[in-house]
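The basis for the numbers below is simple: all heavy atoms, side chains too, and nothing from hydrogens, waters or symmetry mates. For the single chain, residues carry numbers from 1 onward in sequence order. A quick note: this is a predicted structure, and the numbers were derived from the prediction, not measured.
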Amino acid sequence: MSEQRPPFPPFTRETAITKVRLAEDGWNTRDPQKVALAYTPDSRWRNRAEFVTGRDEIAKLLTRKWNRELDYRLIKELWAFDGNRIAVRFAYEYHDDSGQWFRAYGNENWEFDDNGLMRVRHASINDLPIAEEERKYHWPLGRRPDDHPGLSDLGL
């Protein structure tokens with residue numbers, strides 16, 4: 001039996017929103033091996049200026065990322081969808097090892113296989129240094145609480 005990760009394409013608005021929240025929840029675990037399982041074994045990524053292929057390279061990229069981006073908290077929001085594709089916008093907050101906080105803003109384009117695994121991910125991301133008092137994400141590390149505002153609610 002092949003791996004499956006519902007919901008499956010073609011997406012409706014409801015299933016696309018669910019897929020986006022599941023991706024957000026996974027990334028907020030900051031567990032590279034777990035997150036990599038949401039992608040096809042030969043998934044292709046462009047993350048900023050880095051190009052990777054396959055789960056092993058994805059897990060290595062995420063390990064480097066979360067070793068550098070400390071106390072990482074992410075919110076994703078559906079932008080558009082069609083068939084087996086979803087576009088999202090996102091913002092996350094983190095600090096580096098010097099204590100400088102950042103808010104990273106970005107957009108992702110996703111393409112899924114029939115089993116609901118992501119086979120293509122293109123991410124464009126920009127980092128903005130912020131003061132600690134400018135932070136908007138204060139939930140305990142892990143999944144964003146259901147009652148925490150989303151990007152649009154926060155004016156992001």
Enquirer: Taking the ring of F8 and the ring of F112, is the distance between their centroids below 6.0 Å?
Expert: no

Enquirer: Tell me whether V88 shares a hydrophobic cluster with Y72, the cluster being built from Ile, Leu, Val, Met, Phe, Trp, Tyr side chains joined at under 4.5 Å.
Expert: yes

Enquirer: Report yes if the side chains of N28 and L141 come closer than 4.5 Å at any heavy-atom pair, otherwise no.
Expert: no

Enquirer: Answer yes or no: is there a donor N or O on one side and an acceptor on the other, between the side chain of K76 and the main chain of E108, under 3.5 Å?
Expert: no

Enquirer: Does E24 pair with R143 as a salt bridge, N-O distance under 4.0 Å?
Expert: no

Enquirer: Please determine if R121 forms a cation-pi arrangement with W110, meaning its NZ or CZ atom is less than 6.0 Å from the six-membered ring centre and no more than 45° off the ring axis.
Expert: no

Enquirer: Could you tell me which residues satisfy salt bridge (charged side-chain N to carboxylate O under 4.0 Å, His left out) with D97, sequence neighbours excluded, listed by chain and number?
Expert: none

Enquirer: How would you list, by chain and number, every residue that makes a side chain to side chain contact (heavy atoms under 4.5 Å, CB included) with R68, sequence neighbours excluded?
Expert: R64, K65

Enquirer: Is any side-chain heavy atom of M118 less than 4.5 Å from a side-chain heavy atom of T40?
Expert: no

Enquirer: Answer yes or no: is there an ion pair linking D25 with R21, defined by an N-O contact shorter than 4.0 Å?
Expert: yes

Enquirer: Side chain to side chain contact (heavy atoms under 4.5 Å, CB included) with R46: which residues, sequence neighbours excluded?
Expert: F51, H122, S124

Enquirer: Rounded to the nearest 0.5 Å, what separates atom CG in L62 from atom CD in E69?
Expert: 10.0 Å

Enquirer: Report the C-alpha separation of W27 and F90 in whole Å, then their side-chain angles, then the decisive distance to 0.1 Å, and conclude whether the ring-ring contact (aromatic ring centres under 6.0 Å, His included) test is met.
Expert: CA-CA 12 Å; W27 279 63; F90 62 88; 8.0 Å; no

Enquirer: Quick test of your reading of the model: are D113 and R5 salt-bridged, counting only N-O distances below 4.0 Å?
Expert: no

Enquirer: With a 6.0 Å cut-off on the ring centroids, do F102 and Y94 count as close?
Expert: yes

Enquirer: Can W139 and D147 be said to form a side chain to side chain contact (heavy atoms under 4.5 Å, CB included), step by step?
Expert: CA-CA 10 Å; W139 68 84; D147 62 350; over 6 Å; no

Enquirer: Rounded to the nearest 0.5 Å, how far apart are CG of D153 and CD of E77?
Expert: 8.0 Å

Enquirer: Does L37 share a hydrophobic cluster with W45, counting links as ILVMFWY side-chain heavy atoms below 4.5 Å and allowing steps through other members?
Expert: no

Enquirer: Run through the side-chain heavy atoms of Ile, Leu, Val, Met, Phe, Trp and Tyr, join any pair under 4.5 Å, and report what else lands in W79's cluster.
Expert: none

Enquirer: According to side chain to side chain contact (heavy atoms under 4.5 Å, CB included), who are the partners of Q33, at least two apart in sequence or on a separate chain?
Expert: D31, A59

Enquirer: Less than 4.0 Å between a side-chain N and a carboxylate O, is that true for R55 and E3?
Expert: yes

Enquirer: Kindly check if the number of other-residue, nucleotide or ligand heavy atoms within 6.0 Å of CZ (R119) is above 12?
Expert: yes

Enquirer: Decide, yes or no, whether a salt bridge links E93 with R73 under the criterion of side-chain N to carboxylate O below 4.0 Å.
Expert: no

Enquirer: Could you give me the CA-CA distance, side-chain angles and deciding distance for T18 and T15, then say whether side chain to side chain donor-acceptor pair (under 3.5 Å) is met?
Expert: CA-CA 5 Å; T18 297; T15 60; over 6 Å; no

Enquirer: Taking the side chain as everything from C-beta on, heavy atoms only, tell me whether L154 gets closer than 4.5 Å to H148.
Expert: yes

Enquirer: How long is the span from the OG1 atom in T53 to the CG atom in D42, to the nearest 0.5 Å?
Expert: 8.5 Å

Enquirer: Which is it for I125 and N47 under the side chain to side chain contact (heavy atoms under 4.5 Å, CB included) test, yes or no, and what are the steps along the way?
Expert: CA-CA 8 Å; I125 307 166; N47 191 80; 3.9 Å; yes

Enquirer: Minimum heavy-atom separation for P7 and L22, please, with both atom names.
Expert: CD-CD1, 3.9 Å

Enquirer: Please walk me through it: do R103 and Y92 pass side chain to side chain contact (heavy atoms under 4.5 Å, CB included)?
Expert: CA-CA 6 Å; R103 185 171 305 117; Y92 62 87; over 6 Å; no

Enquirer: Answer whether the closest heavy-atom distance between the side chains of S43 and I58 falls below 4.5 Å.
Expert: yes

Enquirer: Would L151 and L74 show up in the same hydrophobic cluster when neighbours are defined by side-chain heavy atoms closer than 4.5 Å?
Expert: no

Enquirer: Taking a hydrophobic cluster as the set of Ile, Leu, Val, Met, Phe, Trp and Tyr residues connected by side-chain heavy atoms closer than 4.5 Å, whether directly or through intermediates, do W101 and L156 fall within one such cluster?
Expert: yes

Enquirer: Grab the two heavy atoms, one from G116 and one from K19, that are nearest each other, plus how far apart they are.
Expert: O-NZ, 2.7 Å

Enquirer: Evaluate whether atom CG of D82 has more than 12 neighbouring non-hydrogen atoms of other residues, nucleotides or ligands under 6.0 angstrom away.
Expert: no

Enquirer: Does a sphere of radius 6.0 Å around CZ in R44 hold more than 12 heavy atoms from other residues, nucleotides or ligands, not counting ones at 6.0 Å or beyond?
Expert: no

Enquirer: Less than 4.5 Å apart, side chain to side chain, heavy atoms only: is that true for R144 and I75?
Expert: yes

Enquirer: How far apart are the closest heavy atoms of P32 and W66, and which atoms are they?
Expert: N-CZ3, 3.9 Å

Enquirer: So V20 and I86, do their side chains get closer than 4.5 Å, heavy atoms only?
Expert: yes

Enquirer: Between side-chain atoms of residues 128-135 and protein atoms elsewhere (two or more places apart, or another chain), which donor-acceptor pairs fall under 3.5 Å?
Expert:
| residue | atom | partner | partner atom | Å |
| --- | --- | --- | --- | --- |
| E134 | OE1 | A131 | N | 2.6 |
| R135 | NH2 | Y137 | O | 2.8 |

Enquirer: Determine the minimum heavy-atom distance between S152 and R89, stating which atoms define it.
Expert: OG-NH2, 3.5 Å

